[in-house]
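Notes follow the structure.
Numbered from 1 within each chain, the chains take letters A, B, ... in sequence-line order.
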Amino acid sequence: MRIATWNINSITVRIDRLLAWLERSGTDVLCLQELKCDAAAFPTERLREHGYEAAVHADGRWNGVAVLSRVGLTEVETGLRAGPEFDGKAEPRAVAATCGGARVWSVYVPNGREVGHPHFAYKLRWLAALKDTVAQDAAGERPFAVLGDFNVAPADEDVYDLAQFEGATHVTDVERAALEALRGTGLSDVVPRPLKYDKPFTYWDYRQLCFPKNRGMRIDLVYGNAAFAGAVKDAYVDREERKGKGASDHAPVVVDLDA
DNA sequence: ATGGCTGTCCAGGACAGA
């Protein structure tokens, strides 16, 4: 089974690219983030025509997540249990489904904006709620994974130049400690291989030639439990999808599982 | 072997992204 995660940065403007990529990659299960649409605008019919069911959690201009599957889709759950609010609102940033024998969460972790900003505290609360939500499945026997845009680079080598991130979000000790606590529930980082260069970056800013210069970050992650990680045959970042006009600023991370 | 931001909402500019 081929399973992937991709921050698509608007499913509306990239639906043709999405359908072409699904066909080209042969992906069975895809976790999507940053849909930037509401539930009514989600392209359910076009995906169904291509053989994919969808579990969607979206409410408009920002955020929005989904799980697409052509190998079955059951037990849909929307939102974290006891998830925190920002500005009095629970944003659509997490959705789970069971697909082809594996249970997956598609997550879009809050950005944090700046260290010390209320959004940064929200990010840490959100990651703590994610840990509590997934702990039971992480410790279970069924293949289970949390996939998505974590908005944290787990280690120094996951950014192109640490000096550029002095005082910035995404690389702080507290954010990394929150990921470590999440892994502590029984999850391990399924690190993909890059198709070019030495590091498996998954995001490159649109500005200043970051992609051609490979000034990237690894922030789109796959955290799998023992049953999931033990079934991994291969994992890679599909940087080809980051190329060309109309690309998302994130590339898909693709994982191949036995059976 | 690719691109110097981009998408959304609302009407040129703010806001968010990371």
Side-chain angles (χ1 to χ4, degrees), chain A residues 5-18 32-43 56 58-66 85-89 91-93 106-124 126-127 148-176 178-179 194-197 199-221 237-253:
Chain A
T5 182
W6 188 17
N7 178 322
I8 195 170
N9 187 21
S10 171
I11 196 170
T12 306
V13 298
R14 252 172 287 288
I15 180 62
D16 291 336
R17 253 185 115 118
L18 169 60
L32 287 169
Q33 302 86 38
E34 278 211 85
L35 301 176
K36 291 186 171 176
C37 69
D38 58 27
F42 186 85
V56 183
D59 69 359
R61 181 176 190 184
W62 309 115
N63 314 306
V65 287
E85 297 183 342
F86 186 71
D87 273 351
K89 184 174 173 303
E91 300 170 318
R93 293 179 176 274
S106 175
V107 301
Y108 178 44
V109 177
N111 170 289
R113 298 187 190 165
E114 292 172 30
V115 177
H117 190 285
H119 209 260
F120 189 79
Y122 167 58
K123 180 180 195 173
L124 298 177
W126 201 94
L127 284 167
D149 178 355
F150 282 71
N151 271 318
V152 181
D156 289 353
E157 64 262 30
D158 294 317
V159 297
Y160 69 93
D161 178 7
L162 196 59
Q164 300 295 315
F165 291 86
E166 176 121 18
T169 59
H170 294 62
V171 298
T172 66
D173 289 343
V174 285
E175 289 167 284
R176 289 175 174 173
L179 289 195
L195 294 183
K196 188 179 179 183
Y197 305 122
K199 293 175 181 174
F201 296 147
T202 65
Y203 162 85
W204 300 262
D205 196 296
Y206 282 125
R207 292 166 287 192
Q208 295 166 322
L209 293 172
C210 281
F211 182 63
K213 293 176 177 172
N214 199 34
R215 294 180 177 170
M217 306 172 72
R218 186 173 78 94
I219 54 174
D220 299 273
L221 308 176
V237 181
D238 188 358
R239 72 185 301 283
E240 296 302 308
E241 180 52 41
R242 179 62 179 79
K243 294 180 178 177
K245 191 175 174 63
S248 169
D249 44 1
H250 296 250
V253 177

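Between the C1' atom of B/dA18 and the CG atom of A/Asp220 lies a distance of 11 Å, rounded to the nearest Å. Rounded to an integer number of Å, the gap from A/Asp59 CG to B/dC9 C1' is 14 Å. The nearest whole Å value for the distance from the CZ atom in A/Arg176 to the C1' atom in B/dA18 is 14 Å. Taking atom NZ of A/Lys36 as the reference point, atom P of B/dC15 lies 15 Å away to the nearest angstrom. Rounded to a whole Å, the CZ atom of A/Phe86 is 12 Å from the C1' atom of B/dC15. In this structure, the NZ atom of A/Lys243 is 12 Å from the C1' atom of B/dG3, given to the nearest Å. Separating the CZ atom of A/Arg93 from the C1' atom of B/dG17 is a distance of 10 Å, rounded to the nearest angstrom. In this structure, the CZ atom of A/Arg207 is 11 Å from the P atom of B/dG4, given to the nearest Å.
In this structure, A/Ser10 reaches the B/dT8 phosphate: one of its side-chain N or O atoms is under 4.0 Å from OP1 or OP2. Contact check, A/His250 against B/dA18: a side-chain N or O comes under 4.0 Å of OP1 or OP2. Phosphate proximity of B/dG7 to A/Asn9: absent, as no side-chain N or O sits under 4.0 Å from OP1 or OP2. Between A/Arg14 and B/dG7, a side-chain N or O to OP1/OP2 separation shorter than 4.0 Å is present. Put simply, A/Arg61 has no side-chain N or O that comes within less than 4.0 Å of OP1 or OP2 on B/dC15. The phosphate of B/dA18 (OP1 or OP2) has a side-chain N or O of A/Tyr108 nearer than 4.0 angstrom.
The existence of a salt bridge linking A/Arg207 and A/Asp205 is confirmed by a sub-4.0 Å separation between a basic side-chain nitrogen and an acidic carboxylate oxygen. Salt bridge A/Arg93/A/Asp149: absent, no basic N to carboxylate O contact under 4.0 Å.
Nucleic acid contact class of A/Phe165 (heavy atoms, under 4.0 Å, all strands): none. At the heavy-atom level, A/Thr12 lies under 4.0 Å from the strands shown only through sugar-phosphate atoms. Residue-level contact check: A/Asp149 touches the backbone only, with heavy atoms under 4.0 Å from sugar-phosphate atoms and none from bases. Using a 4.0 Å heavy-atom cutoff across all strands shown, A/Gly244 reaches sugar-phosphate atoms only and no base atom. Heavy atoms of A/Arg242 sit under 4.0 angstrom from primed sugar atoms or phosphate atoms, though from no base atom.
When the P atom is compared between B/dC15 and B/dC10, the two are found 14 Å apart, to the nearest whole Å. Atom C1' of B/dA18 sits at a distance of 15 Å from the matching atom of B/dG7, rounded to the whole Å. B/dG12 and B/dT6: their C1' atoms are spaced 16 Å apart (whole Å).
Of the candidates B/dT8, B/dG3, B/dA16, B/dG3 carries the atom nearest the A/Leu209 side chain, counting heavy atoms from C-beta on. Candidate nucleotides B/dA18, B/dG7, B/dA16 were compared by shortest atom distance to the side chain of A/Met217, and B/dA18 ranks first. Side chain of A/Val13, nearest nucleotide from B/dG7, B/dA16, B/dA18: B/dG7.
Other residues, nucleotides and ligands contribute more than 12 heavy atoms inside 6.0 Å of the CD atom of A/Glu157. Around CG of A/Asp161, the count of heavy atoms belonging to other residues, nucleotides or ligands within 6.0 Å exceeds 12.
Residue A/Gly246 is the one, among A/His170 and A/Gly246, whose nearest nucleotide of DNA chain B lies closer to the 5' end (criterion: closest heavy atom). Nearest-nucleotide assignment on DNA chain B puts the 5′-proximal partner with A/Lys196, out of A/Ile219 and A/Lys196.
Annotation: side chain of A/Arg242 is in contact with side chain of A/Asp249 (closest heavy-atom distance under 4.5 Å).
Counting distance only, with no hydrogens placed and no angle test, the side-chain atoms of A/Asn111 and the base atoms of B/dA18 include a donor-acceptor pair under 3.5 Å.
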Does the side-chain contact (heavy atoms from CB on, under 4.5 Å) test come out yes or no for A/Ile219 and A/Asn7, once each step is laid out? CA-CA 10 Å; A/Ile219 54 174; A/Asn7 178 322; over 6 Å; no
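A side-chain donor-acceptor contact under 3.5 Å links A/Lys123 to the backbone of A/Asn111.
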